[in-house]
Amino acid sequence: MHAMQYRITLPADYDMEIVRHRVTTKGPLLDDLPGLGLKAYGVRERGTDGSPVNQYAPFYLWADQEAMTRFLTGEGFRGLVRDFGRPAVHTWQGLHHRPGPAAGQAPASFTRRTEILPEDADAATAIEEAVAGHEELAATDGVHSTTLGLDPRHWELVHFTLWADAAPHSTDGERFRVLHLSAPGADLLDTTGRPR
C-alpha cells in the first residue's frame, strides 16, 4: 500500500463551489479504478475548522504502485495539471491500515497529522508505538478507517484518519471535509498495509 497526497492552495477569495462542482462531476470516475484502494476528496476552506487557506487536497491509498504511476501519468491527472498547475505529490509507504466502527458509512471528514522521527529515536520502536496507537484509534466510535505511512527520506510518519462526522476537537492534525469517497479497492488493504 502507498499513501499519496497533493495540495492545491487557492486564493483567499476563490469560489470553492468550483471545486465542489469538479468533485461532483469527476469524482465518481474513480469509483471503479483498478489498483486504487481509496481516494478521499478533501478540501479545507479558509476560516472553517481553523484553516488559514482554501485548499483542494485529496488523499489516496493505493493497493497497487503501478496503478498510482498510471494515474499520475494519465489523462485525469493531466486535466488537473491543466487547470491548476502541476502540484508536488507527497507519498508514504503504507505501514498499517485498519477499518473502524463507521467503515460502512460515507465519511464526512479526515484528519492528517505528520510526525518527524527524532534522529536519536529507534525507528522500529517508534513505528511499533505508532501502530499500537492506530489499533486503539481504529476502535474509536466515529472512525471510518485509519492509516499510518512512512516517508523514509525525511523519516516522517503520516497519520491519516477518515471520520463519519466531523473529527473530535481533541484530535490533532489538519482537518479536511470529504466531498466524495472513491473506494474501489478498500478491501484489498489489510492491516499491515500490504495488498492481499
Side-chain angles (χ1 to χ4, degrees), residues 1-94 97 105-114 144-147 149 151 153-154 156 158-167 173-186 188-189:
M1 177 182 71
H2 290 270
M4 181 182 100
Q5 188 181 37
Y6 51 85
R7 300 171 181 228
I8 297 169
T9 301
L10 301 160
D13 60 351
Y14 191 82
D15 181 2
M16 293 299 285
E17 191 57 40
I18 296 170
V19 173
R20 285 189 280 275
H21 177 73
R22 181 186 188 91
V23 171
T24 298
T25 57
K26 297 183 183 296
L29 298 176
L30 297 190
D31 287 354
D32 298 313
L33 183 67
L36 176 64
L38 63 81
K39 175 180 179 179
Y41 293 77
V43 295
R44 295 198 299 166
E45 294 191 53
R46 189 169 182 254
T48 302
D49 291 329
S51 176
V53 295
N54 288 326
Q55 198 171 65
Y56 174 53
F59 199 98
Y60 302 71
L61 296 176
W62 294 95
D64 178 5
Q65 185 174 1
E66 290 180 12
M68 179 176 75
T69 301
R70 284 193 304 271
F71 173 77
L72 289 172
T73 57
E75 190 53 39
F77 196 73
R78 282 191 192 106
L80 179 102
V81 171
R82 281 193 298 269
D83 292 344
F84 297 107
R86 186 173 63 195
V89 179
H90 200 152
T91 62
W92 299 266
Q93 177 184 345
H97 175 78
Q105 300 176 43
S109 67
F110 71 78
T111 52
R112 191 199 89 145
R113 178 174 63 88
T114 56
H144 173 281
S145 57
T146 187
T147 303
D151 170 359
R153 180 179 178 209
H154 300 104
E156 175 189 77
V158 64
H159 304 263
F160 167 70
T161 303
L162 282 161
W163 300 88
D165 296 308
E174 295 172 318
R175 296 163 183 271
F176 300 81
R177 281 190 282 162
V178 175
L179 301 181
H180 180 74
L181 182 74
S182 294
L188 299 176
L189 307 172

message = Does any part of the side chain of T147, heavy atoms only, come nearer than 4.5 Å to the side chain of T161, both counted from C-beta?
response = no

query = Is it the case that more than 12 heavy atoms not belonging to E66 sit under 6.0 Å from its CD atom?
reply = no

key: Identified ring pair (Phe, Tyr, Trp, His ring centres under 6.0 Å) counterpart of F176 within the set F59, W163, F110   = F110

remark   = Distance col, row H159:NE2 vs T114:OG1, nearest 0.5 angstrom, shows 8.0 Å

key: Full working for side-chain contact (heavy atoms from CB on, under 4.5 Å) between N54 and T9   = CA-CA 6 Å; N54 288 326; T9 301; over 6 Å; no

key: Side-chain touch V23/H180, heavy atoms, less than 4.5 angstrom   = yes

note = Heavy-atom closest pair (P87 atom, G85 atom, distance to 0.1 Å) is CD-O, 3.2 Å

ask   = Taking side chain as C-beta onward, heavy atoms only, is Y41 less than 4.5 Å from S182?
value = yes

key: Gap separating the CG atom of L38 from the NE2 atom of H97, nearest 0.5 angstrom   = 6.0 Å

message = Once rounded to the nearest 0.5 Å, what's the spacing between atom CG of L181 and atom OG of S145?
response = 7.5 Å

Side-chain (T73) to main-chain (T69) donor-acceptor, under 3.5 angstrom = yes

message = Quick check: do I8 and L80 have side-chain heavy atoms less than 4.5 Å from each other?
response = yes

salt_bridge(E75, R82) N-O dist < 4.0 Å = yes

remark   = Distance col, row T146:OG1 vs L162:CG, nearest 0.5 angstrom, shows 8.5 Å

inquiry  = Just so I know, are the side chains of M68 and M4 near enough to count as touching, which here means a heavy-atom distance under 4.5 Å?
reply    = yes

message = Can you confirm whether P52 sits close enough to R46 that some side-chain heavy atom of one is under 4.5 Å from a side-chain heavy atom of the other?
response = no

ask   = According to the interplanar angle, ranging from 0 to 90°, do the rings of F84 and Y56 count as parallel (below 30°), tilted (30 to 60°) or perpendicular (above 60°)?
value = tilted

inquiry  = Under a 3.5 Å cutoff, is there a donor and acceptor pairing between the side chains of W92 and Q5?
reply    = no

task = Measure across A164 and Q105 and return the closest heavy-atom pair with its distance rounded to 0.1 Å.
result = CB-OE1, 3.5 Å

query = Should we count CG of D32 as having more than 12 external heavy atoms under 6.0 Å?
reply = no

task = Only one of Q55, R113, R112 passes side-chain contact (heavy atoms from CB on, under 4.5 Å) with E174; say which it is.
result = R112

Euclidean distance, L10 CG relative to I18 CD1, rounded to 0.5 Å = 9.0 Å

query = Does H90 reach the side chain of R7, with side-chain heavy atoms less than 4.5 Å apart?
reply = no

inquiry  = I'd like to know if R20 pairs up with E45 as an ion pair, taking the criterion as any Lys NZ or Arg NE/NH1/NH2 lying under 4.0 Å from an Asp or Glu carboxylate oxygen.
reply    = yes

ask   = What heavy-atom pair brings A67 and G35 nearest, and what distance separates the two atoms?
value = CB-CA, 3.6 Å

query = Which heavy atom in A88 sits nearest to a heavy atom in Y6, and how many Å separate them?
reply = O-CB, 3.4 Å

query = Between D151 and Q93, is any pair of side-chain heavy atoms under 4.5 Å apart?
reply = no

request  = Indicate yes or no for a side-chain donor-acceptor contact from Y60 to the backbone of A40 under 3.5 Å, with no hydrogens or angles considered.
outcome  = no

Spacing of S109 atom OG and R175 atom CZ [to the nearest 0.5 Å] = 8.0 Å

inquiry  = Whether R177 and D49 form a salt bridge (side-chain N of Lys/Arg under 4.0 Å from carboxylate O of Asp/Glu) is what I want to check.
reply    = no

R22 backbone acceptor or donor facing T25 side chain under 3.5 Å = yes

